[in-house]
Amino acid sequence: MTKPPPWPKPKAEIDAGTAIETILKDGLIDAMDEVGEKFSAGEFFVPEMLMAAQAMKAGLELLKPHLGEGGSQSKGTAVIGTVKGDLHDIGKNLVSMMMEGAGFEVVDLGVDVESEAFVKRAAEKNADVITLSALLTTTMPAMESTVKATRTIIGGAPVPQAFADQIGADGCSADAPGAVKIVKELVA
Ligand code: B12
């Protein structure tokens, strides 16, 4: 039987006082990268990736209480999820945990999430940001459709283009025909 790799032991490292970032990076994330490399090389298959995922999830649960930086007042609300067609959730969960730790309220929609669901939940929760995760090159286009679904154009008598640029709006117009023109361009 081949010798098992030196699996990271987060509990022992936490108890030993190792920096949380070190445990996360050198222990968990680097180990996962190795799993990915072995999968690419045809040495590991989906069951091995699943086992690694379970180990990583267990490790992250141990690290979770140590990921915060305090503050009881909510700094804002984020809707998070993994895009349609994609089942990877470890990175998304980590982002979620760290954002919670940093004081944000996080609404986690899980994996395989439709663009419309992000937009709907963001509206319901009056969210400040939508946070999309994708691990497959084939699911990256699903990010674009969500971003497109959340395009914002602004206008009104006092509103200049410079303000749209400043706040990251997708377009700005001084009049209604201009609004229609921009919307047409955005949905084209
Ligand atoms: C574990 C794993 C799985 C597990 C997932 C379990 C789970 N619950 O997540 C399982 C076994 C289910 C799986 C399945 C598949 N997988 Co997979 N998987 C992996 C693996 C080994 C690790 C991913 C991981 O969790 N990394 C650890 C986390 C912490 O890192 P991360 O996700 O990158 O997240 C970090 C950053 O990206 C970032 N981040 C993540 N999300 C977000 C969001 C925002 C907004 C921001 C700002 C940042 C951010 O922050 C995170 C923390 O630093 C990777 C290889 C790799 N090293 O990435 C392959 C990998 C992603 N999988 C791959 C493949 C091909 C598949 C399958 C198609 C295999 C198959 N033939 O069935 C299926 C697809 C299933 C599907 N429809 O989704 C390929 C993707 C290739 C590609 N370029 O598209 C990879 C790269 C493996 C490889 N080398 O070929 N997989």
Side-chain angles (χ1 to χ4, degrees), residues 4-11 13-14 18-69 74-122 125 127-152 168 170:
W7 296 113
K9 294 189 173 58
K11 174 87 172 63
E13 296 294 341
I14 293 168
T18 307
I20 297 302
E21 304 73 48
T22 307
I23 304 175
L24 189 59
K25 168 77 180 58
D26 297 358
L28 303 182
I29 294 179
D30 281 3
M32 240 356 183
D33 286 344
E34 205 177 318
V35 172
E37 282 157 22
K38 286 188 185 296
F39 179 80
S40 294
E43 292 172 40
F44 275 11
F45 300 92
V46 171
E48 283 83 3
M49 284 208 289
L50 265 176
M51 278 159 58
Q54 280 166 7
M56 174 117 189
K57 282 187 173 185
L60 282 179
E61 279 306 314
L62 292 171
L63 296 190
K64 193 175 178 179
H66 305 273
L67 291 173
E69 57 191 49
S74 174
K75 291 207 175 75
T77 302
V79 168
I80 194 167
T82 303
V83 299
K84 184 74 192 155
D86 203 320
L87 302 176
H88 296 84
D89 67 355
I90 295 170
K92 182 261 299 169
N93 293 345
L94 184 54
V95 171
S96 174
M97 278 178 200
M98 297 197 76
M99 290 205 312
E100 277 177 348
F104 291 90
E105 188 192 331
V106 179
V107 181
D108 192 338
L109 305 189
V111 297
D112 194 20
V113 181
E114 300 271 3
S115 299
E116 296 74 27
F118 284 110
V119 180
K120 191 163 168 274
R121 286 295 274 155
K125 300 296 283 186
D128 301 285
V129 64
I130 294 179
T131 319
L132 305 176
S133 183
L135 262 286
L136 300 171
T137 44
T138 50
T139 56
M140 282 171 59
M143 293 183 139
E144 192 181 354
S145 54
T146 307
V147 170
K148 278 190 174 151
T150 54
R151 292 257 165 114
T152 311
D170 295 288

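Here, residue 1 is the first one in the sequence, and each next residue gets the next number. First listed ligand is number 1; within each ligand, the first listed atom is number 1.
Taking 4.5 Å as the limit, every side-chain heavy atom of D89 sits out of range of all side-chain heavy atoms of L135. Put simply, the side chain of L67 reaches to within 4.5 Å of the side chain of L94, judged on heavy atoms. In this structure, D108 and N93 have side chains that are in contact, with non-hydrogen atoms separated by less than 4.5 Å. Looking only at side-chain heavy atoms (C-beta outward), F39 and V46 come within less than 4.5 Å of each other. Contact of the L60 side chain with the L62 side chain is not registered, since no non-hydrogen atoms from C-beta on lie closer than 4.5 Å. You'll find the side chain of L109 reaches within 4.5 Å of the side chain of V79, heavy atoms only. Side-chain contact between H88 and V111 is absent, with no heavy-atom pair separated by less than 4.5 Å. Two residues are said to be in side-chain contact when any heavy atoms from C-beta on lie closer than 4.5 Å; E105 and M99 fail this criterion.
Protein heavy atom in closest approach to atom 29 (C) of ligand 1: M56 CE, 3.6 Å. Annotation: atom 43 (C) of ligand 1 to nearest protein heavy atom, L132 O, 3.3 Å. Closest to atom 88 (C) of ligand 1 among all protein heavy atoms lies S40 OG, 3.4 Å. Here the protein heavy atom with the shortest distance to atom 6 (C) of ligand 1 is A53 CB, 3.6 Å. Looking only at heavy atoms of the protein, atom 57 (N) of ligand 1 is closest to D33 OD1, 3.3 Å. For atom 16 (N) of ligand 1, the nearest protein heavy atom (residue, atom name, distance) is H88 NE2, 3.1 Å.
At least one N or O atom of S133, backbone or side chain, sits closer than 3.5 Å to an N or O atom of ligand 1. Residue-to-ligand polar distances place L87 within reach of ligand 1: an N/O pair is separated by less than 3.5 Å. At under 3.5 Å, a nitrogen or oxygen of D89, whether backbone or side chain, sits near a nitrogen or oxygen of ligand 1.
For atom 3 (C) of ligand 1, the nearest protein heavy atom is under 4.0 Å away. Not a single protein heavy atom sits closer than 4.0 Å to atom 47 (C) of ligand 1. For atom 11 (C) of ligand 1, a protein heavy-atom neighbour is present inside the 4.0 Å cut-off. The presence of a protein heavy atom under 4.0 Å from atom 54 (C) of ligand 1 is ruled out. Remark: atom 86 (C) of ligand 1 lies closer than 4.0 Å to no protein heavy atom. There is a protein heavy atom closer than 4.0 angstrom to atom 78 (O) of ligand 1.
Under a 4.0 Å criterion applied to the non-hydrogen atoms of F39, ligand 1 contributes the atoms 65 (C), 69 (C), 87 (C), 88 (C), 90 (O). If you number the atoms of ligand 1 from 1 as listed, the ones under 4.0 Å from a heavy atom of T131 come out as 45 (C). The atoms of ligand 1 that sit less than 4.0 Å from any heavy atom of D86 are 78 (O). Those atoms of ligand 1 with a heavy atom of L94 less than 4.0 angstrom away are 52 (C).
At distances below 3.5 Å, not a single donor-acceptor pair connects side-chain atoms of T18 with backbone N or O atoms of I14. In this structure, the side chain of K64 does not engage the main chain of M97 through any donor-acceptor pair within 3.5 Å. Of the possible donor and acceptor atoms, none in the side chain of D86 sits under 3.5 Å from a partner among the backbone N and O of A134.
In T137, the parts holding a heavy atom less than 4.0 Å from any atom of ligand 1 are both the side chain and the backbone. Under 4.0 Å from ligand 1, the heavy atoms of K57 that appear belong solely to its side chain. With a 4.0 Å heavy-atom cut-off, ligand 1 is reached by the side chain of V95 but not by its N, CA, C or O. When heavy-atom distances to ligand 1 are checked against a 4.0 Å cut-off, I80 has no atom that comes that close, whether in backbone or side chain.
For the ligand labelled ligand 1, residue G85 lies inside the 4.0 Å heavy-atom shell.
Considering T138, V46, L135, I90 only, the shortest heavy-atom separation from atom 32 (O) of ligand 1 involves L135. In this comparison of L136, L50, T139, the heavy atom closest to atom 68 (C) of ligand 1 sits on L136. Proximity annotation for atom 22 (C) of ligand 1: of M49, M32, K25, M99, M32 comes nearest, heavy atoms only. The closest heavy-atom contact to atom 31 (P) of ligand 1, among the options A55, G91, S96, comes from G91.
Here the CD atom belonging to E114 is positioned 9.0 Å from the OG atom belonging to S145, to the nearest 0.5 angstrom. Here OG1 of T150 is found 10.5 Å from CZ of F118. Values are rounded to the nearest 0.5 Å.
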*Could you go through the side chain to side chain contact (heavy atoms under 4.5 Å, CB included) check for V113 and K84 one step at a time?*
CA-CA 5 Å; V113 181; K84 184 74 192 155; over 6 Å; no
*Decide yes or no on side chain to side chain contact (heavy atoms under 4.5 Å, CB included) for I29 and M56, but give the supporting numbers first.*
CA-CA 8 Å; I29 294 179; M56 174 117 189; 4.0 Å; yes
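Looking at E144 and K148, a side-chain N of the basic residue comes within less than 4.0 Å of a carboxylate O on the acidic one, giving a salt bridge.
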